[in-house]
Number of protein chains: 2
Amino acid sequence: MVRPKPDTDLLQFLKHVSLDCVVFGFHDNQLKILLTRIKNTELWALPGGFVRKEESLESAANRVLNERTGLDNIFLKPFNVFGDPGRSEKNPIANEIIISGVNNGLEWFNQRFISVGFYALVDFSKAVPSPDIFSDLCIWKNLNETSSLILDHNKILNSALETLRLQVNYQPLGYNLLPEKFTMPELQNLYETILGKDLDRRNFQRRMLSFKILNKLEERKTGGAHKAPFLYEFNLQNYRQALQNGLYGGW
Amino acid sequence: MVRPKPDTDLLQFLKHVSLDCVVFGFHDNQLKILLTRIKNTELWALPGGFVRKEESLESAANRVLNERTGLDNIFLKPFNVFGDPGRSEKNPIANEIIISGVNNGLEWFNQRFISVGFYALVDFSKAVPSPDIFSDLCIWKNLNETSSLILDHNKILNSALETLRLQVNYQPLGYNLLPEKFTMPELQNLYETILGKDLDRRNFQRRMLSFKILNKLEERKTGGAHKAPFLYEFNLQNYRQALQNGLYGGW
DNA sequence: TCAAAAGTGTTTGGTTTACACCCATGA
DNA sequence: TCATGGGTGTAAACCAAACACTTTTGA
């Protein structure tokens with residue numbers, strides 16, 4: 001097997017094209033975003049990368065996310081393109097590049113980039129974040145801790161959030177963001193967090209169950225205070241089917 | 001004023017990046033798509049183009065569409081990115097390029113392209129289609145006449161259609177696709193065409209009016225057979241407001 | 001034993017659906 | 001004059017919002 005050249009050989013990538021990933025996870029009743037901290041700085045960025053000359057965009061995104069999370073077969077979708085001239089000017093990574101002496105690094109990062117934004121949904125409990133060669137840290141942040149990212153990454157993040165909200169009835173959010181087994185309150189909390197509003201506990205449950213996309217398990221989630229809630233899992237077959245038409249309704 | 005260099009100078013554009021436009025119009029109760037026919041062939045393509053080095057993606061799309069339709073301020077949105085390796089191999093335009101002797105043309109068209117797909121909504125009655133330098137014809141086609149486009153343009157078209165259907169409650173489709181004054185049956189027909197199913201005439205009208213986004217005019221549309229229907233126009237202020245939350249409902 | 005979370009059920013009111021009826025127009 | 005399309009109205013079915021009561025649990 002031929003080992004891929006290391007990422008420091010920038011000539012293997014398409015010029016002018018990059019990708020940025022907004023990786024969503026859910027933990028402690030909070031929507032989390034995966035961020036990297038650029039080496040020798042306090043600056044935060046979305047995980048991103050470039051596209052190899054013989055690689056599809058989706059493969060590139062998968063590769064990048066695999067490197068950042070250790071996961072395979074991540075659920076991801078392109079949601080927008082960011083291509084304003086000047087958007088990638090003064091990229092702080094360029095400084096890091098100079099320091100680490102990557103070949104043609106400065107020239108590369110001074111290009112104008114058209115960046116394809118992907119959003120990804122991952123199981124928080126399974127992801128193992130790890131930084132790339134430009135960063136010294138890669139961790140989950142709460143949404144309210146993402147206020148000043150580099151370049152136009154806040155714009156990209158907001159665009160992803162907007163897409164997530166619009167597609168809440170058309171994408172398998174719960175399936176990808178929650179562990180295999182979860183409780184109804186956890187699922188509700190996820191929806192409340194994404195939609196940014198409270199939902200009635202009883203109506204939510206009735207509605208969710210009416211979709212016939214959940215299997216109720218015998219087990220309950222013990223350990224927490226208060227009454228132990230039942231565990232559910234997704235009925236994948238019915239779920240995919242139901243999403244074809246959208247989980248109709250305006251929450 | 002400095003005149004822009006002619007399009008035959010390909011070096012003024014970003015490498016590896018292109019854009020393809022799915023332009024929708026509505027006429028004779030049919031959804032129409034703008035297509036170009038490649039010179040010296042019977043091959044049809046979506047209108048497309050490249051991105052100047054100092055130009056935003058949106059400006060590039062606007063420029064291309066202005067050239068193809070004569071219209072300014074066209075409603076357009078990026079809806080997807082198409083970047084599979086090989087998608088732009090064997091581009092039939094390359095032959096045309098050889099014939100017309102464009103500088104570096106063959107090399108240019110043999111690149112791998114990441115193409116940004118835009119969909120546009122235009123008033124059929126106002127657009128004046130005209131071909132680009134690679135085509136000898138630019139005309140409206142019905143959806144059912146678009147079966148074998150070049151490269152992956154059918155895939156792009158289908159993706160645009162899917163987006164249109166998903167966004168039917170969130171985008172000002174009627175406002176951009178219909179003339180200023182239109183009848184309720186025309187509006188209904190537009191929705192039926194996009195959604196691909198029949199709607200009840202009376203319920204459609206009640207619902208549309210309940211959104212408060214239409215001004216009913218005194219005039220009626222005369223000339224057709226049968227009872228003359230009233231004309232309406234959009235109440236732009238209310239329309240924009242209403243679209244913020246989506247025209248709730250599952251048709 | 002009590003506050004807080006979770007399971008289950010019911011009432012109510014608005015919305016959507018499925019219709020019926022009348023009017024206008026050109027063939 | 002009549003078939004067809006358009007304007008207006010209504011009853012029934014359905015669904016979603018609001019709310020009550022009971023059960024379980026750890027502090």
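Not measured: the values here are computed from a predicted model. First the proteins, then the strands, lettered A, B, ... as listed; each starts at 1.
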When only distance counts, do a donor and an acceptor, one from the side chain of Arg201(A) and one from the base of dG7(C), lie under 3.5 Å apart?
-> yes
Check whether the side chain of Arg202(A) and the base of dT11(C) form a donor-acceptor pair under 3.5 Å.
-> no
Tell me the interatomic distance from [X], atom [atom1], to [N], atom [atom2], rounded to whole angstroms.
| X | N | atom1 | atom2 | result |
| --- | --- | --- | --- | --- |
| Asp200(A) | dG9(C) | CG | C1' | 13 Å |
| Leu199(A) | dA17(D) | CG | P | 9 Å |
| Arg207(B) | dT15(C) | CZ | P | 11 Å |
| Gln205(B) | dT10(D) | CD | C1' | 16 Å |
| Lys221(A) | dT24(D) | NZ | P | 20 Å |
| Asn203(B) | dA13(D) | CG | P | 16 Å |
| Met208(B) | dT8(D) | CE | P | 17 Å |
| Glu192(B) | dG5(D) | CD | C1' | 13 Å |

Parallel, tilted or perpendicular: ring planes of Tyr175(B) versus Tyr239(B), cut at 30 and 60 degrees = perpendicular
Gap between atom CD1 of Ile156(A) and atom SG of Cys21(A) - 0.5 Å precision = 10.0 Å
Modelled atom types, side-chain donor and acceptor of Arg206(A) and Asn203(A), under 3.5 Å = yes
Any luck finding a side-chain donor-acceptor pair between Ser135(A) and Asp132(A) under 3.5 Å?
-> yes
Check: Lys155(A) and Asp84(A) side chains under 4.5 Å, non-hydrogen atoms | yes
Select one nucleotide: of dT23(D), dT4(D), dG6(D), the one nearest the side-chain heavy atoms of Lys227(A).
-> dT23(D)
Given dG7(D), dA18(D), dG7(C), which nucleotide is nearest the side-chain atoms of Pro229(A)?
-> dG7(C)
NA contact type, Lys216(A), heavy-atom cut-off 4.0 Å: base, sugar-phosphate, or nothing?
-> sugar-phosphate
By nearest nucleotide on DNA chain D, pick out whichever of Ala225(A) and Arg206(A) is the more 5' one.
-> Arg206(A)
Pair up each side-chain donor or acceptor in residues 160-168 of chain B with any protein partner under 3.5 Å, not counting sequence neighbours, and list the distances.
unit_1	atom_1	unit_2	atom_2	d
Thr163(B)	OG1	Ser159(B)	O	2.9
Arg165(B)	NE	Ile194(B)	O	2.5
Gln167(B)	OE1	Tyr119(B)	OH	2.9
Gln167(B)	OE1	Gln171(B)	NE2	3.4

Specify the residues of residues 179-189 of chain A, ordered by number, for which at least one heavy atom lies under 4.0 angstrom from an atom of DNA chain C.
-> Pro185(A)
Which pairs of donor and acceptor atoms, one on a side chain in residues 138-151 of chain A, lie under 3.5 Å apart (sequence neighbours left out)?
unit_1	atom_1	unit_2	atom_2	d
Asn142(A)	OD1	Lys32(A)	NZ	2.8
Glu145(A)	OE1	Asn142(A)	N	2.8
Thr146(A)	OG1	Leu143(A)	O	2.6

